[in-house]
Structures are given as C-alpha cells and as structure tokens.
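Below is one structure. I have some questions about it.
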Amino acid sequence: MPELPEVETTRRGIEPHLTDRRITAVTVRQPVLRYPVTPDLADRLCGRRITAVRRRAKYLLLHAGSADALIIHLGMSGSLRLVSTNTPAGKHDHFDLVLDSGHILRLNDPRRFGLVLWATAPVEAHPLLARLGPEPLTEGFDGDYLYRRSRGRRGAVKTFVMDSAVVVGVGNIYASEALHMAGIHPSRPAGRISLSRYRRLATAVQEILSRAIEQGGTTLRNFTNGEGKPGYFRQHLRVYARAGEACPECGEPVLARVIGQRSSFFCGRCQR
DNA sequence: ACTGGATCCTGACTGC
DNA sequence: TGCAGTCAGGATCCAG
C-alpha cells in the first residue's frame, strides 16, 4: 500500500494527535508481523509523552522523551488510524497505542508485512535503517548522484530506483510514473543511461513525490491518512495500472510488463 | 558487488 | 455459489 507519500501523509495526519500526549497503554493482539513485535513495549512506553513523530524512508519513528524510538512500517497493506478509546478492535487490528487524549493509534495490517520494533539510540544505526540511501526530497539526491551510483549496474533502471540502498521511498507506483515523466524506458540497464537523463529522472522523482504528498497520497484500495480519508493522487497517475489506455503524451497504448518481479507500466514510444 | 528468485500473509478479483 | 488461480502499494535473504 504505502510508498513515501502515503507514509508522509500518515505522519502528518497523526503527528498533531500524538505530540505531547502521554501513552497510557500498549496492546499487541498479533505479535507475528514481518518480525516479532518487540516484547515489553508497554514497559518502555507507558507513562511517557510522545515528543516527536519522524519519518525515515517508509519507516515511521515515534520518540517518547528519548533518542530511542518505536519503529513502525506499514508493509504492503498496513495503515494507521486514530480512533476513539471505545472503538472495538476489528479484524487485523494488531497493535494499539493508547493515549491520554481519549484516542488510540491503531495499526491494521491484513498481510502482516509491516513491523513494530523498538530501536535504541542511535536509531539510524538500527539494521533496518543503517544501509538506506538518501531521502529523495532532501539534499544529497540528484541526477549526478544517480548517475554515479548506477555505473556498472546492468539491471533495469526501474529496479535500480526502487532499491532503498540507492534512494528511499520510491515504490512501484511512483517508479513507473517518474520514468514516464523522464522519458526513460523502465527496462533500460541502469548503467547505460546518461547523466543528463538521470538529472531528468531525479527531478521527475521529486516532482511526482511532492505532488503526491500534496494530494494526500495515492489510494488504490484502502489507504487512508490516519483520519480515515483517502488520498487523491490516483487520478493523476499517468501510466500506473493503465495498461491499454492512451498515453497522455502521445496517445499510444500504455504497455504492461513485469520487471524485477513487479508489474510495470510505460509508453513504448515516449520512453526509450 | 550485483542480480534474479523465493519468501512472508491475507484479500480481492477473474474465469470456469 | 464455489473454487482455483492470479495478483497486490515492500523488503529481506539467499545462492550464484
């Protein structure tokens, strides 16, 4: 479900409801997620106030008065919602953070590819975070960087930009969209693309992600922003999930093809 | 160091 | 209606 815009949308949605609130209880209904939920979370969190809600890549980081953090990842199907304390838990509601405001931060994740883990400071050194590439919307990410990192790589450029060791947050939807905007064929070997084209790609990635965040993310099935509202970027998708429809640039039918085990959408005429 | 493939899990949808 | 098969917004691990 969530790529960077959806996770950032979630972060923005929940942050004002969490900051300065005291945690009164922690409920784990299903400890078997991608990794086992850290035991004893209640001991670490109860009675403490939430001081920051950060994001790194697609990971949400909740701080409660220290540099240690609770890491939450939504996987493919996860979502976080704020509900009132008396809301009964439904199917796949695996984790609750009960607040003194009368609200609960509730994690729902049907496929259970998400995770809830405690990370001691420095959080950046946690194994899940240590090897991540730069954030696409901050300094350190540009076409020169992509060009440098791509030399010698023979795999498809789409797989390359989705590699979180290269740049974080670019998932299957926005990879297709950014490559279309940049006019680059998704199957082209990453190491055989010029610097000027990587500059276009870097700009495209940033534009697509920024616009998607402005629209509250993309809702394909059931993504919501923490207050139960969907994202509105779906209508702006130009090629993703539009196989057979006319390319908005040239009118040729959009093609679908599996690249790196992921479905990919592109225009065979605009993208070379 | 890079690459392709298998893998975790449930639900929605398609075609018979 | 039922059932089997396919696919899904992620990311790690493994063998080669």
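Throughout, a chain's letter reflects where its sequence line sits, starting with A, and its residues are numbered from 1.
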Name all residues meeting the side-chain contact (heavy atoms from CB on, under 4.5 Å) criterion together with A:Glu227; count only those two or more places apart in sequence or in a different chain, and write none if there are none. A:His17, A:Asn225, A:Lys229
Applying side-chain contact (heavy atoms from CB on, under 4.5 Å), name anything that partners A:Glu135, two or more places apart in sequence or on another chain. A:Leu4, A:Arg55, A:Arg56, A:Ala57, A:Thr138, A:Val168
Does one side chain, of A:Asp109 or A:Ser77, offer a donor that lies under 3.5 Å from an acceptor on the other? yes
Nearest-Å distance, CG (A:Leu74) to C1' (C:dA8)? 16 Å
May I ask you to list the residues sharing a hydrophobic cluster with A:Ile104, side-chain cutoff 4.5 Å, ordered by chain and number? A:Val83, A:Val98
Salt bridge (charged side-chain N to carboxylate O under 4.0 Å, His left out) contacts touching residues 73-91 of chain A (sequence neighbours left out): none
Protein-nucleic acid N or O pairs under 3.5 Å, nucleotides 12-14 of chain C:
residue: C:dT12; atom: O4'; partner: A:Arg34; partner atom: NH2; Å: 2.9

Contact list for residues 168-178 of chain A, test side-chain hydrogen bond (donor to acceptor under 3.5 Å, both in side chains), sequence neighbours left out: A:Glu6-A:Tyr174, A:Lys158-A:Asn172, A:Tyr174-A:Thr218
A:Arg131: which residues meet the side-chain contact (heavy atoms from CB on, under 4.5 Å) condition with it, sequence neighbours left out? none
Tell me, which pairs form a ring-ring contact (aromatic ring centres under 6.0 Å, His included) where one or both residues lie in residues 240-265 of chain A, sequence neighbours left out? A:Tyr240-A:Phe265
Which part of the nucleic acid, if any, lies within contact of A:Tyr174, taking any heavy atom under 4.0 Å across all strands shown: a base, the sugar-phosphate backbone alone, or nothing? nothing
How does DNA chain B look in dot-bracket notation if pairs are Watson-Crick or G-U with both distances under 3.5 Å, crossing ones as [ ], other-strand ones as |? .|||||||.|||||||
What nitrogen or oxygen pairs link the protein and nucleotides 11-14 of chain B at under 3.5 Å?
residue: B:dG11; atom: OP1; partner: A:Lys91; partner atom: NZ; Å: 3.1
residue: B:dG11; atom: OP1; partner: A:His92; partner atom: NE2; Å: 2.6

For B:dC8 and A:Arg112 - does any side-chain N or O of the residue sit under 4.0 Å from the phosphate oxygens OP1/OP2? no
Between A:Thr159 and B:dG4, is there a side-chain N or O to OP1/OP2 distance below 4.0 Å? no
Set of side-chain contact (heavy atoms from CB on, under 4.5 Å) partners for A:His63, sequence neighbours left out: A:Thr51, A:Ala52, A:Arg54, A:Leu61, A:Ala69, A:Val123
Sequence-distant partners of A:His185, ring-ring contact (aromatic ring centres under 6.0 Å, His included), two or more places apart: A:Phe266
